[in-house]
Amino acid sequence: MSSARQIENLIARYSHLVDEGDFEKFGALFENADFVSGEVSLRGGKAIEELIGSMLVVHDDGTLRTRHITTNILIEVDEDDDSAEARSYYNILQAVPGLLPLQMVAGGRYHDRFERRDGIWFFARREVTIDFTGDTRYHLKAPQDA
């Protein structure tokens, strides 16, 4: 499998794990990486797992009732340096039966750096920029709930 395809799979795995509410595996994606969003900058899987768990609403079915859609993925690989960068857009859709019809709750951009170790690609850094938000009542915990 090409490097670009392996990296694209890693980008997709991020979305699947957060939508499924699997914060432990989600955090593990960043075991040796930085995660930056606004003023928040963390390093390491456990710290990121705890942050995401404190911020996002998990519903009765164990998921966030969301779908992250990542598009316009631009991947630039430096095979000689075992490094890569990617830029992409994301949109988050959410529906909560009886409470929230299907709608977009957030959208923005990812800027990622990757490194290859022993032939396997890993996140080195993910920077998340939120460009707009919709109704996040059922997506983000209120500050007093965190």
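For residues 127-137, every residue pair satisfying the side-chain hydrogen bond (donor to acceptor under 3.5 Å, both in side chains) rule, not counting sequence neighbours, is listed here: Arg109-Asp131, Arg125-Glu127, Asp135-Arg137. Each side-chain hydrogen bond (donor to acceptor under 3.5 Å, both in side chains) pair with one or both residues in residues 26-42, not counting sequence neighbours, appears once here: Asp34-Arg43.
Arg113 and Glu115 are not joined by a salt bridge, as no carboxylate oxygen comes within less than 4.0 angstrom of a charged side-chain nitrogen.
Taken to the nearest 0.5 Å, the CD1 atom of Ile48 stands 13.5 Å off from the CD atom of Glu24. The line from CZ of Arg5 to CD1 of Ile75 is 9.0 Å long, rounded to the nearest 0.5 Å. Atoms CE and CD1, from Met1 and Ile7 in turn, are 12.0 Å apart once rounded to the nearest 0.5 Å. With rounding to the nearest 0.5 Å, the separation of CG in Leu56 from OG1 in Thr63 is 11.5 Å. Taken to the nearest 0.5 Å, the CG atom of Leu29 stands 11.5 Å off from the CD atom of Glu49. Between the CG atom in Leu10 and the CD1 atom in Ile120 there is a gap of 11.0 Å [rounded to 0.5 Å].
For the residue pair Ile11 and Ala86, the shortest heavy atom distance occurs at CD1-CB, 4.1 Å. Among all heavy-atom pairs drawn from Ser15 and Thr70, the shortest one is OG-OG1, 3.4 Å. Of all heavy-atom pairs spanning Leu51 and Leu42, the tightest one is CD2-CD1, 3.5 Å. Considering every non-hydrogen atom in both Arg65 and Pro97, the closest pair reads NH2-CD, 3.2 Å.
Of the possible polar contacts, none joining the Gln94 side chain to the Arg67 backbone as a donor-acceptor pair under 3.5 Å is found. Lys25 places no side-chain N or O within donor-acceptor distance of the main-chain N or O of Val18, the cut-off being under 3.5 Å.
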With a 3.5 Å cut-off and sequence neighbours excluded, list the donor-acceptor pairs that the side chains of residues 77-85 form with protein atoms.
| unit_1 | atom_1 | unit_2 | atom_2 | d |
| --- | --- | --- | --- | --- |
| Asp78 | OD1 | Asp80 | N | 3.2 |
| Asp78 | OD1 | Asp81 | N | 3.1 |
| Glu79 | OE1 | Ser3 | OG | 3.3 |
| Glu79 | OE1 | Arg116 | NH1 | 2.8 |
| Glu79 | OE1 | Arg116 | NH2 | 2.9 |
| Glu79 | OE2 | Ser3 | OG | 2.9 |
| Asp81 | OD2 | Ser83 | OG | 3.0 |
| Asp82 | OD1 | Arg116 | NE | 2.9 |
| Asp82 | OD1 | Arg116 | NH2 | 2.7 |
| Glu85 | OE1 | His111 | NE2 | 2.9 |

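No more than 12 heavy-atom neighbours from other residues, nucleotides or ligands sit within 6.0 angstrom of CD1 on Ile130. The 12-atom threshold is exceeded at CD of Gln103, counting heavy atoms of other residues, nucleotides or ligands nearer than 6.0 Å.
Between Phe122 and Phe114, the ring center distance fails the sub-6.0 Å criterion. Taking the centre of each ring, Tyr110 and Tyr89 stay at or above the 6.0 Å mark.
Of the N and O atoms on the side chains of Asn72 and Ser88, not one donor lies less than 3.5 Å from an acceptor on the other residue.
Val128 is connected to Phe23 through a chain of hydrophobic side-chain contacts under 4.5 Å among Ile, Leu, Val, Met, Phe, Trp and Tyr, so both are in one cluster. Hydrophobic clustering (ILVMFWY, side-chain heavy atoms < 4.5 Å, transitive): Met104 and Leu100 are in distinct clusters. Both Val40 and Ile92 are part of a single hydrophobic cluster, where members link through side-chain heavy atoms under 4.5 Å apart.
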Margin query: Let's go through Val36 and Arg126 carefully: what are the C-alpha distance in whole Å and the side-chain angles of both, what is the deciding distance for side-chain contact (heavy atoms from CB on, under 4.5 Å) to 0.1 Å, and is it a yes or a no?
Written below: CA-CA 6 Å; Val36 179; Arg126 169 157 272 191; over 6 Å; no
Next item on the list: Give the intermediate values and the outcome of side-chain contact (heavy atoms from CB on, under 4.5 Å) for residues Leu93 and Val105.
Entry: CA-CA 6 Å; Leu93 301 174; Val105 294; over 6 Å; no
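Ring geometry for His68 against His139 counts as tilted: the plane angle lies between 30° and 60°, on a 0 to 90° scale. Taking the six-membered ring for Trp and thresholds of 30 and 60 degrees, Phe26 and Phe35 have ring planes more than 60 degrees apart, a perpendicular arrangement. Using a 30° and 60° split on the angle between ring planes, Tyr14 and Phe123 fall in the tilted class, from 30° to 60°.
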